[in-house]
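Lettering follows sequence order; numbering is per chain, from 1.
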Protein chains: 2
Amino acid sequence: MVNMASVPTASGKNGSVTMLDVAHHAGVAIGTVSNVLNRPDGVTPSIRDRVLASIDELGFVRNRAASKLAAGVSNTVGVVLADLANSYFTDMVRGAEQSASKAGKFVVIGNSDIDIAKQRSYLTFFDEEQVSGILVAPLGGVIPPEDGHIARQRPLVILDAARQTHAHCAVSTNNVAAGRIAAEHLLGLGRRRLVFAGGPIARSRALADRLQGAQDAVADVEGATLEHMSTDEVQVHDGRRVGALLAHRDADALPDGIVAAADLLALGIVQALTSSSSYRFPDDIALVACDDNRSAYDSIVPISTVDLPGQKMGSTGMRLLLEELADSAEHEHQHITLDPTLTARESTIGR
Amino acid sequence: MVNMASVPTASGKNGSVTMLDVAHHAGVAIGTVSNVLNRPDGVTPSIRDRVLASIDELGFVRNRAASKLAAGVSNTVGVVLADLANSYFTDMVRGAEQSASKAGKFVVIGNSDIDIAKQRSYLTFFDEEQVSGILVAPLGGVIPPEDGHIARQRPLVILDAARQTHAHCAVSTNNVAAGRIAAEHLLGLGRRRLVFAGGPIARSRALADRLQGAQDAVADVEGATLEHMSTDEVQVHDGRRVGALLAHRDADALPDGIVAAADLLALGIVQALTSSSSYRFPDDIALVACDDNRSAYDSIVPISTVDLPGQKMGSTGMRLLLEELADSAEHEHQHITLDPTLTARESTIGR
DNA sequence: CTGAAAGCGCTTACAG
DNA sequence: CTGAAAGCGCTTACAG
């Protein structure tokens, strides 16, 4: 603990202790204090310890604004987060933090809250803050053209990118593979009459890709069929509606396998079918979802799901950014596409 | 769009455009550029527009490191977030952002990820970054004594505070009231044989308070009883265990009302009782939970819940911080306790 | 390895 | 309202 009463000097404007105070107290030059903080290995141990003791005794807090101004760089990476409530995005942040902390970088987050104006204001803010780089999962998967100058001035990596780009590094999820993996899992279990639930396809590239993947998988198997039941959104109540529709069908019109485009949708389907019919998962119908939200695990029937690689996406994006920072001359932008993976649970393989 | 080819000057170290470049381009003094950016109202409109045009044309990006160093302050508030995956905390951030944006402040987030060392490193980081203030929901509800010097140097407000303190402003949830409100709701519906599910009480002040509140409410009603069924944690599987225990009881030993200490716990109770018994919600058993996670709404039987005021806590905390910043001389620290509110759903009032 | 000095890009009294 | 100048607290060649 710092004993404030014993602090001898505080030359800073706001009564704050400066490096100069520390230097005087330790009997060294100010540059030495800076070296102790930034390149401690190159300082004689006895002097280093003396400086460290003075820092402690005076309660010195470095001024990062001054550091950044003098050095022109910072060891901070800014992450623009699209939605605090969506675990796909918060997983990305977690992954990014993991990679960053290994490299001794700080990660600070700005929440754009699914608002393109806020997204821009945080991009600008981080730019003005002189961060060393930016990670962003932009709304719509693409940086708006008006914000392009930010990406040109400062290393920036796009997460969950919707398009190929040569302006910066990017990481994407292979949603076609997600749909294919889900359908192939059902087909591998012998299911042939499949339903793909989710929509609207026209408004979401990710959903359209998942449907495409499922169609591809079904096309590869003789006698297999895929019906698309579209929904307004992919929330629980949309799933309940799908489940209710299915519950009223004749047994021979019923699918034996369902790919749900999202976990909450799958949750609703399970709820509707278990409460309003005698159909059983997975005996009568096998169900696989996409996303791996916690809800899939917490469902009354734990739901098999295709995990979107949120955390991997964050760590990969941060790795690309760190590479760019380490070697900006030689650096060539890369676009990495990540494959999702299947987690099989009771809704397809029973217990 | 900025046409980079037309940029005439860039005197900054990294080829960046500085205020001086803007001043030259607009034919004014550098101080005038600063005024346009920081106090635009006091600048002659024609000159202001000329400066703004130059800023746009040159693609000038202000350097916040330099601003902070020269001014000694920033318009940024740092929020140390305990857990990105817990909606109680992310709600706080949302509330804080709402209050902050009205006041023109930027909010940046550091994720401590339920790690006391990371919590400290972000507190220190924000301190070093010269933020104008800090909002933190510290682990355990209290700032560790070792980190006390941070709170002494910089305005800081504690969210979800566990204790009264005179060192800074703080906001708390009234967990006793939460328990009381939940129990009173059940008692008001005529239920008399209540169960409080959740634990361990010894390790969580919040849970202990909720139990206390429920006990208080029951003590006020003649003939009402409360049984405490403790759990290891408050996850879905703990709830399933409670539900399984209840399902095996004789009908006359069964409660007619349950207060679940958390939403996931309630979710498990509903799942276990609907699948392994013929008991019905709310006819046989009425159930009310605490937290208002999304899961309560998404349950097969939508669960009544006592909302913890996460968003309100964030906005209130930010308001206290802004007051302290606006008038640090006259400021007196306050501790505000927020009452939770009940959201009644199918699990207690049917449909 | 150490120490004195210039300079990073702003803000802010101060004089006009 | 405008303009010239000092200074914010660091970092970093540079010379020793």
Side-chain angles (χ1 to χ4, degrees), chain A residues 9-51 54-55 58-76 127-130 132 153, chain B residues 9-51 54-55 58-76 127-130 132 153:
Chain A
T9 53
S11 69
K13 197 181 193 177
N14 314 307
S16 60
V17 179
T18 70
M19 272 194 173
L20 198 62
D21 297 327
V22 174
H24 287 159
H25 188 270
V28 299
I30 185 175
T32 305
V33 179
S34 176
N35 285 332
V36 168
L37 251 27
N38 299 310
R39 284 169 298 277
D41 294 340
V43 181
T44 310
S46 64
I47 295 205
R48 189 181 57 207
D49 293 346
R50 192 141 47 89
V51 171
S54 294
I55 285 175
L58 299 183
F60 168 72
V61 175
R62 82 198 300 175
N63 184 326
R64 280 178 188 267
S67 307
K68 283 193 271 193
L69 180 58
V73 294
S74 78
N75 64 341
T76 303
D127 197 16
E128 295 175 348
E129 275 283 349
Q130 317 296 119
S132 58
Q153 303 200 348
Chain B
T9 53
S11 70
K13 198 181 192 179
N14 313 305
S16 60
V17 180
T18 70
M19 272 195 173
L20 199 61
D21 298 326
V22 174
H24 286 158
H25 187 271
V28 300
I30 185 175
T32 305
V33 179
S34 176
N35 285 332
V36 168
L37 253 26
N38 299 311
R39 285 169 298 277
D41 294 339
V43 181
T44 308
S46 63
I47 295 204
R48 189 180 56 206
D49 292 346
R50 191 140 48 89
V51 171
S54 294
I55 287 176
L58 299 183
F60 168 72
V61 175
R62 82 198 300 175
N63 185 325
R64 280 179 188 267
S67 308
K68 283 193 270 192
L69 179 57
V73 294
S74 78
N75 64 341
T76 303
D127 196 17
E128 295 176 347
E129 275 283 347
Q130 317 297 118
S132 57
Q153 304 199 348

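In terms of phosphate contacts, A:Asn38 brings a side-chain nitrogen or oxygen within less than 4.0 Å of OP1 or OP2 of D:dT11. One finds no side-chain N or O of B:Arg64 lying less than 4.0 angstrom from the OP1 or OP2 phosphate oxygen of C:dG9. Put simply, B:Arg39 has no side-chain N or O that comes within less than 4.0 Å of OP1 or OP2 on C:dT11. Look at B:Thr44 and you won't find any side-chain N or O under 4.0 angstrom from OP1 or OP2 of D:dC1. Remark: A:Thr18 is not in phosphate contact with D:dC10, judged by side-chain N or O atoms under 4.0 Å from OP1 or OP2. Within the 4.0 Å cut-off from OP1 or OP2 of C:dT11, at least one side-chain nitrogen or oxygen of B:Ser34 is found. Using a 4.0 Å cut-off, some side-chain N or O of B:Ser67 falls inside it from OP1 or OP2 of C:dT11.
For the pair A:Ile30 CD1 and C:dA6 P, the interatomic distance rounds to 14 Å; values are reported in whole Å. Atom CG of B:Leu37 and atom C1' of C:dT11 are 11 Å apart (whole Å). Rounded to an integer number of Å, the gap from B:Gln130 CD to C:dT11 P is 15 Å. Regarding A:His24, its NE2 atom lies at a distance of 11 Å from the P atom of C:dG3, rounded to whole Å. Look at CG on B:Leu20: it is 13 Å from C1' on C:dC8, rounded to the nearest Å. At whole-Å resolution of the value, CG in A:Leu69 and P in C:dG9 are 7 Å apart. The distance between atom NZ of A:Lys68 and atom P of C:dC8, rounded to the nearest whole Å, is 18 Å. In this structure, B:Asn63 atom CG and C:dG7 atom P are separated by 18 Å, rounded to whole Å.
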Item checked: Test side-chain contact (heavy atoms from CB on, under 4.5 Å) applied to B:Gln130 and B:Val73, step by step -> CA-CA 6 Å; B:Gln130 317 297 118; B:Val73 294; over 6 Å; no

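When all heavy atoms are compared, the tightest approach of B:Phe60 to B:Leu37 is CE2-CD2, 3.8 Å. Nearest heavy-atom pair across B:Pro40 and B:Arg48 is O-NH1, 3.3 Å. Listed here is the closest heavy atom pair of A:Ser132 and A:Ser74: CB-O, 3.2 Å.
Of the possible polar contacts, one joining the A:Arg50 side chain to the A:Ala26 backbone as a donor-acceptor pair under 3.5 Å is found. The backbone N or O of A:Asn63 sits less than 3.5 Å from a side-chain atom of A:Ser67, completing a donor-acceptor pair.
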Note to self: Wobble G-U and Watson-Crick pairs count when both distances are under 3.5 Å; given that, what is the 5' to 3' dot-bracket string of DNA chain D, with | for pairing to other strands?
What the structure shows: |||.||||||||.|||

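Nearest-nucleotide positions on DNA chain D for A:Arg62 and B:Gly31 put B:Gly31 closer to the 5' end.
Comparing D:dT2, C:dC10, D:dT11 by their closest approach to the side chain of A:Ala70 singles out D:dT11. Proximity note for B:Val28 (side chain, C-beta onward) versus D:dG3, D:dC10, C:dC10: the nearest is D:dG3. Out of D:dC10, D:dG3, D:dT2, the shortest distance to the side chain of B:Val43 is found at D:dT2.
Sorted by first then second residue, the salt bridge (Lys or Arg N to Asp or Glu O under 4.0 Å) pairs that include residues 63-72 of chain B, not counting sequence neighbours, are A:Glu128-B:Arg64, A:Glu129-B:Lys68, B:Lys68-B:Glu129.
When each of B:Val61, B:Val22, B:Val17, B:Asp21 is tested with B:Ile55 by the rule side-chain contact (heavy atoms from CB on, under 4.5 Å), just one qualifies, namely B:Val22.
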